[in-house]
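Notes follow the structure.
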Amino acid sequence: MKAMRAVALAADHAGFMQKARLIEHIRQQGLFEVVDFGTDTEDSTDYPDFAKKLAVWVVQEPERQGILICGTGNGMAMVANKHRGIRAAVCRSEYEARLARQHNDANVLCLGQRLTGDGLAVAIVDVFLHNVFEGGRHRLRLSKIRNMEDCP
Ligand code: RB5
């Protein structure tokens with residue numbers, strides 16, 4: 001039997017409520033092993049600490065995916081994209097999430113709880129988790145990104 005795909009979620013204090021909602025939704029589907037890297041309270045935290053934990057975990061296995069939530073999604077994406085092998089995309093629409101998977105093979109989705117309501121966030125997550133990379137012409141472009149990961 002094929003192992004369940006694994007998805008991790010992490011948030012700062014500005015995203016933890018949406019994280020809880022998304023974890024509940026993903027677990028209900030019964031299709032993914034869900035890993036929760038915190039945070040779970042409104043106590044002020046620093047998003048780089050949570051993005052780093054998740055990024056380090058995602059790059060350990062090729063099929064792993066991650067979802068990061070902060071106030072806007074931007075800080076989380078900036079940190080995640082510092083890690084070799086991470087392709088993190090801030091998405092505020094289902095369209096962006098679909099193309100982030102199909103064209104960019106994004107392995108981390110970044111959401112902004114202050115900008116995207118829970119209902120849309122759930123829809124974006126579903127699109128992200130259930131679309132696949134198209135390959136083809138996009139493969140060369142991703143290899144160009146990979147080559148830049150060693151730039152000074
Ligand atoms: C926290 O106030 C906020 O700055 C953070 O959640 C995030 O939006 C940063 O990009």
Side-chain angles (χ1 to χ4, degrees), residues 5-29 31-133 138 141-142 144-152:
R5 266 165 60 202
V7 57
L9 291 90
D12 69 357
H13 57 282
F16 82 96
M17 281 171 43
Q18 190 159 88
K19 173 171 71 64
R21 174 75 189 87
L22 294 175
I23 287 176
E24 182 193 9
H25 174 75
I26 297 167
R27 286 204 169 123
Q28 270 171 4
Q29 295 185 7
L31 298 171
F32 300 89
E33 178 197 335
V34 178
V35 179
D36 183 356
F37 284 111
T39 185
D40 294 303
T41 73
E42 62 190 2
D43 295 345
S44 183
T45 54
D46 299 325
Y47 60 82
D49 301 334
F50 294 90
K52 177 157 196 70
K53 276 189 221 172
L54 183 137
V56 166
W57 178 87
V58 166
V59 295
Q60 283 169 24
E61 300 280 344
E63 294 293 309
R64 287 183 176 177
Q65 290 176 293
I67 301 170
L68 291 167
I69 310 117
C70 61
T72 60
N74 285 329
M76 290 294 200
M78 288 177 195
V79 179
N81 279 323
K82 295 280 182 200
H83 296 77
R84 188 172 290 121
I86 292 290
R87 291 174 303 280
V90 179
C91 297
R92 304 208 171 109
S93 67
E94 294 169 72
Y95 181 70
E96 287 170 291
R98 182 166 63 78
L99 292 187
R101 289 291 304 127
Q102 293 178 343
H103 290 192
N104 312 119
D105 198 17
N107 50 11
V108 174
L109 168 68
C110 300
L111 296 167
Q113 182 186 284
R114 290 177 181 158
L115 299 166
T116 303
D118 285 355
L120 179 55
V122 162
I124 290 171
V125 163
D126 280 346
V127 168
F128 185 78
L129 293 179
H130 297 289
N131 273 273
V132 295
F133 180 49
H138 304 296
R141 296 163 186 169
L142 292 194
K144 290 189 176 188
I145 295 178
R146 203 167 303 121
N147 292 340
M148 289 173 196
E149 289 178 334
D150 296 319
C151 285

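First listed ligand is number 1; within each ligand, the first listed atom is number 1.
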- Phe32: ring-ring contact (aromatic ring centres under 6.0 Å, His included) partners, not counting sequence neighbours: His130

- Kindly compute the distance separating CZ (Arg146) from CE (Met148), expressed to the nearest 0.5 Å. 12.0 Å

- For the residue pair His138 and Phe133, categorise the inter-ring angle as parallel (less than 30°), tilted (30 to 60°) or perpendicular (more than 60°). tilted

- Query: Do we see a donor-acceptor contact under 3.5 Å between the side chains of His25 and Asp118?
  - Reply: no

- Test side-chain contact (heavy atoms from CB on, under 4.5 Å) applied to Gln28 - qualifying residues, sequence neighbours left out: Glu24

Pairs under 3.5 angstrom, nitrogen or oxygen on both sides, ligand 1 versus protein: list them out, please.
| unit_1 | atom_1 | unit_2 | atom_2 | d |
| --- | --- | --- | --- | --- |
| ligand 1 | 2 (O) | Arg114 | NH1 | 3.4 |
| ligand 1 | 2 (O) | Arg114 | NH2 | 3.4 |
| ligand 1 | 6 (O) | Asp12 | OD2 | 2.6 |
| ligand 1 | 6 (O) | Gly71 | N | 2.8 |
| ligand 1 | 8 (O) | Gly71 | N | 3.1 |
| ligand 1 | 8 (O) | Thr72 | N | 3.0 |
| ligand 1 | 8 (O) | Thr72 | OG1 | 3.3 |
| ligand 1 | 10 (O) | Thr72 | OG1 | 3.4 |
| ligand 1 | 10 (O) | Gly75 | N | 2.9 |

- Output every pair passing ring pair (Phe, Tyr, Trp, His ring centres under 6.0 Å) with a member in residues 104-127, not counting sequence neighbours, ordered by first then second residue. none

